[in-house]
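Below is one structure; the comments refer to it alone.
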Amino acid sequence: MTTKGNPVLNAVVDETVTPNSFTASWQALDDVQSYTLHVRRKGLENYSLLLHETFDKCTTANTTNIGSKLSSFIDNEGWSGNFVYQNVSGVSLASSGNLGYIKSPELDFSGYNGKVVVKIVAGTNGTATDCSLTISADGATQSIILPNSTQKEYTVVLNTNGSTSGNVTFTALPGKKVVIYDIKIYAGDADDVMESAAPRKAAAVTGDADEMYITGI
């Protein structure tokens with residue numbers, strides 16, 4: 001027979017807490033074979049996810065400019081653009097002779113000192129190589145070079161000098177076609193955004209019926 005119960009946890013002693021470990025103890029229960037301690041990450045408050053675009057509504061690659069009807073292919077209302085083309089689970093920007101762009105709806109940057117972090121998954125279109133993609137928001141601009149069509153994740157940090165709101169624009173040059181497959185736009189600290197996406201380490205646990213020592217978290 002297995003007895004289930006909720007043992008009373010003792011307060012964590014500050015001296016046992018390090019950046020990646022702590023000691024947990026509790027008041028043991030009678031006739032209990034094992035204990036399970038649930039540990040969860042404390043929510044980070046130094047950033048906010050403002051927008052996530054998956055482009056799941058884009059189902060086929062073609063040469064029809066959808067810049068004027070993006071709402072049919074976009075998860076979030078309010079995008080605009082030109083020389084934008086459907087790709088499979090993504091949008092292609094630019095044509096052989098025209099600059100292509102998409103611009104996000106207006107976003108609220110307030111409370112984060114104008115810091116904007118953009119994470120995208122992107123690659124070039126077809127056999128194109130070394131294509132530039134420029135990402136900008138309220139005067140802050142960064143460019144990245146996409147080497148080939150392999151989908152890769154890129155992170156761009158834009159410091160908008162305290163802007164409380166604005167749009168994020170993605171621009172590709174004529175003849176330098178790029179495909180964007182996923183966009184996440186955050187307001188806040190870049191280190192916290194990167195930390196939130198980092199893979200969690202496996203915890204190591206040692207202890208006995210009354211005390212458990214956890215490391216690697």
> Can you tell me how far the CG atom of Leu51 sits from the NZ atom of Lys184, to the nearest 0.5 Å?
Replying inline: 11.5 Å
> Could you state the interatomic distance from CG (Asn167) to OG (Ser80), rounded to the nearest 0.5 Å?
Replying inline: 7.0 Å
>> For a 4.5 angstrom cut-off between non-hydrogen side-chain atoms, does Val179 reach Val91?
In response: no
>> I'd like to check Val117 versus Tyr47 (side-chain heavy atoms, cut-off strictly below 4.5 Å). Are they in contact?
In response: no
>> Using every non-hydrogen atom in the two residues, find where Lys177 and Ala94 come nearest and quote the distance to one decimal.
In response: CG-O, 3.6 Å
> Once you round to the nearest 0.5 Å, how far does NZ of Lys152 lie from CD1 of Ile120?
Replying inline: 12.5 Å
> Between Ser48 and Tyr112, what is the shortest heavy-atom contact and its length?
Replying inline: CB-OH, 3.3 Å
>> Suppose the criterion is side chain to side chain donor-acceptor pair (under 3.5 Å): which pairs have a residue in residues 95-109, not counting sequence neighbours?
In response: Ser95-Asn98, Glu106-Ser165, Asp108-Ser110
> Minimum heavy-atom separation for Pro147 to Ile145, with atom names?
Replying inline: CD-O, 3.5 Å
>> Checking Asn125 against Ser92 for the side chain to side chain donor-acceptor pair (under 3.5 Å) test, could you report, in this order, the C-alpha distance in whole Å, the side-chain angles of both residues, the deciding distance, and whether it holds?
In response: CA-CA 7 Å; Asn125 192 338; Ser92 176; 2.8 Å; yes
> Hey, what do you get for OH (Tyr154) to NZ (Lys119), rounding to the nearest 0.5 Å?
Replying inline: 13.0 Å
>> So, using side chain to side chain contact (heavy atoms under 4.5 Å, CB included) as the criterion, who are the partners of Thr60 when residues are at least two apart?
In response: Asn62, Gln86
>> Are the side chains of Val121 and Ile180 in contact, using a 4.5 Å heavy-atom criterion?
In response: no
> Pick one: which of Ile74, Val84, Asn82, Ile102 meets side chain to side chain contact (heavy atoms under 4.5 Å, CB included) with Ile66?
Replying inline: Val84
> Under 6.0 Å from the NZ atom of Lys57, do we count more than 12 heavy atoms belonging to anything else shown?
Replying inline: yes
>> Could you check whether atom CG of Asn161 has more than 12 heavy atoms from other residues, nucleotides or ligands sitting under 6.0 Å from it?
In response: no
>> Could you list the cluster mates of Tyr85? Members are the ILVMFWY residues connected by side-chain heavy atoms closer than 4.5 Å, either directly or through other members.
In response: Phe83
> Does one side chain, of Asp75 or Thr54, offer a donor that lies under 3.5 Å from an acceptor on the other?
Replying inline: yes
All N/O donor-acceptor pairs, side-chain side in residues 133-144, below 3.5 Å, sequence neighbours left out:
unit_1, atom_1, unit_2, atom_2, d
Thr134, OG1, Ser143, OG, 2.9
Asp138, OD2, Ser163, OG, 2.0

>> Nearest 0.5 Å, please: how far is CD1 in Ile185 from CZ in Phe170?
In response: 4.5 Å
> If you take all heavy atoms of Leu70 and Gly81, which pair is closest and at what distance?
Replying inline: CD1-N, 3.8 Å
> What residues form a side-chain hydrogen bond (donor to acceptor under 3.5 Å, both in side chains) with Thr164, not counting sequence neighbours?
Replying inline: none
> Tell me, do Cys58 and Phe73 make a side-chain contact under 4.5 Å, heavy atoms counted?
Replying inline: yes
> Are side-chain N/O atoms of His52 and Asn76 paired as donor and acceptor at under 3.5 Å?
Replying inline: no
> Who passes side-chain hydrogen bond (donor to acceptor under 3.5 Å, both in side chains) against Ser71, sequence neighbours left out?
Replying inline: none
>> Tell me the closest heavy-atom pair linking Gly123 and Leu146, and the distance in Å.
In response: O-CD1, 3.6 Å
> According to a 4.5 Å side-chain heavy-atom criterion applied to Ile, Leu, Val, Met, Phe, Trp and Tyr, with indirect links allowed, do Tyr186 and Leu50 form part of one hydrophobic cluster?
Replying inline: no
> When rounded to the nearest 0.5 angstrom, what distance separates OH in Tyr181 from CD1 in Ile183?
Replying inline: 13.0 Å
>> Show the nearest heavy-atom pair for residues Val178 and Ser132, with the distance to one decimal.
In response: CG1-O, 4.2 Å
